[in-house]
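Here is the structure we will look at, set down as structure tokens.
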Amino acid sequence: QVQLIESGGGSVQAGGSLRLSCVASGRTFSTYAMGWFRQAPGKEREFVAASIWSGISTYYADSVKGRFTISRDNAKRTVSLQMNSLKPEDTAVYYCAAAHGPVSVYDARAYGYWGQGTQVTVSS
């Protein structure tokens with residue numbers, strides 16, 4: 001079992017930055033693929049970024065590429081999402097997710113564990 005707890009959401013003006021963090025329980029954190037997804041009101045949950053096991057392989061949605069950076073510290077069982085140059089369209093609830101084993105990182109259905117979500121609001 002893995003439990004995920006996110007932190008770091010908040011409100012910021014367009015062009016600003018926020019850093020989200022997710023702390024995971026469980027001793028096998030390093031074997032999990034970790035992802036960030038987001039869901040805006042009235043929209044489906046969408047992939048944002050993912051980090052595979054060692055953190056060497058990272059994946060990003062086109063909409064955030066070049067602005068967001070995912071990183072992980074396996075010793076601290078933490079995955080973070082640094083969000084720069086934020087836009088109003090980035091406003092959403094952001095979720096941390098974990099998947100054990102080879103998965104399609106872009107597919108929310110591949111992740112078996114989810115955090116409670118943290119709100120990010122970007123004003124223009």
Side-chain angles (χ1 to χ4, degrees):
Q1 285 288 345
V2 176
Q3 290 185 325
L4 306 172
I5 301 176
E6 301 109 332
S7 62
S11 297
V12 66
Q13 289 190 328
S17 299
L18 285 172
R19 185 177 181 86
L20 306 182
S21 293
C22 173
V23 178
S25 64
R27 294 175 294 177
T28 58
F29 175 77
S30 61
T31 65
Y32 282 78
M34 301 297 298
W36 287 95
F37 288 77
R38 66 187 182 187
Q39 188 166 19
K43 295 187 177 181
E44 293 187 354
R45 191 169 297 189
E46 65 173 2
F47 170 80
V48 176
S51 171
I52 298 297
W53 299 295
S54 65
I56 294 177
S57 296
T58 56
Y59 306 83
Y60 296 94
D62 288 343
S63 59
V64 307
K65 202 171 294 184
R67 300 188 297 123
F68 291 11
T69 302
I70 188 171
S71 61
R72 65 190 291 167
D73 184 333
N74 287 335
K76 296 181 179 179
R77 299 193 298 275
T78 300
V79 61
S80 299
L81 185 69
Q82 177 66 42
M83 305 185 295
N84 298 328
S85 302
L86 282 161
K87 304 176 180 180
E89 51 264 43
D90 294 319
T91 295
V93 176
Y94 283 69
Y95 297 90
C96 175
H100 196 189
V103 296
S104 172
V105 298
Y106 303 99
D107 188 350
R109 296 170 297 179
Y111 293 80
Y113 305 97
W114 292 84
Q116 80 286 357
T118 184
Q119 177 70 46
V120 171
T121 302
V122 184
S123 58
S124 57

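Every heavy atom of this structure was used, including side-chain atoms; hydrogens, water molecules and symmetry mates were not. One is the number of the first residue; the rest follow in order along the sequence.
The CD1 atom of I5 sits 12.0 Å away from atom OG1 of T118, with the distance rounded to the nearest 0.5 Å. The distance from the CG atom of L20 to the CZ atom of F68 is 8.0 Å, given to the nearest 0.5 Å. Taking CZ from F37 and OH from Y106, the interatomic distance works out to 10.5 Å, rounded to the nearest 0.5 Å. To the nearest 0.5 angstrom, M34 atom CE is 11.5 Å from L81 atom CG. Interatomic distance, Y95 OH to W114 CH2, rounded to the nearest 0.5 Å: 9.0 Å. Going from atom OG of S21 over to atom CD of Q82 covers 9.0 Å, rounded to the nearest 0.5 Å.
Screening residues 40-59 for salt bridge (charged side-chain N to carboxylate O under 4.0 Å, His left out) gives R38-E46 as the qualifying pairs, with residues at least two apart or on separate chains. Legend: salt bridge (charged side-chain N to carboxylate O under 4.0 Å, His left out) pairs involving residues 107-124, not counting sequence neighbours, sorted by first then second residue: D107-R109. Counting only residues at least two apart or on different chains, no salt bridge (charged side-chain N to carboxylate O under 4.0 Å, His left out) pair has a member in residues 114-123. Judged as a salt bridge (charged side-chain N to carboxylate O under 4.0 Å, His left out), not a single pair has a partner in residues 7-23 (not counting sequence neighbours).
Taking T121 as the reference, S11, T91, Q119 meet the side chain to side chain contact (heavy atoms under 4.5 Å, CB included) condition, with sequence neighbours excluded. Under the ring-ring contact (aromatic ring centres under 6.0 Å, His included) criterion, Y94 pairs with no residue at all, not counting sequence neighbours.
Here the side chain of S57 pairs no donor or acceptor atom with the backbone of I52 at under 3.5 angstrom. With E6 contributing its side chain and Q116 its backbone, the two residues share a donor-acceptor pair below 3.5 Å.
Here the closest non-hydrogen pair linking L4 and A24 is CD2-CB, 3.5 Å. Taking every heavy atom of both residues into account, S85 and D90 meet most closely at O-OD2, 4.5 Å. The two residues A40 and A92 make their nearest non-hydrogen contact at N-CB, 3.8 Å. The two residues A14 and P88 have their closest heavy-atom pair at CB-CD, 4.1 Å.
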Please step through side chain to side chain contact (heavy atoms under 4.5 Å, CB included) for the pair M83 and V120, ending with a clear verdict.
CA-CA 10 Å; M83 305 185 295; V120 171; 3.9 Å; yes
So V2 and H100, side chain to side chain contact (heavy atoms under 4.5 Å, CB included) or not? Walk me through it.
CA-CA 10 Å; V2 176; H100 196 189; over 6 Å; no
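Grouping the Ile, Leu, Val, Met, Phe, Trp and Tyr side chains by contacts below 4.5 angstrom, directly or via other members, places Y111 apart from V23.
For the pair F47 and Y59, the minimum side-chain heavy-atom distance is below 4.5 Å.
Within a 6.0 Å radius of CD in Q13, no more than 12 heavy atoms belonging to other residues, nucleotides or ligands are found.
When each of N74, I70, D73 is paired with V79, the side chain to side chain contact (heavy atoms under 4.5 Å, CB included) condition holds for I70 and for no other.
Ionic pairing of D62 and K65 is present here: one or more N-O contacts between side-chain nitrogen and carboxylate oxygen are shorter than 4.0 angstrom.
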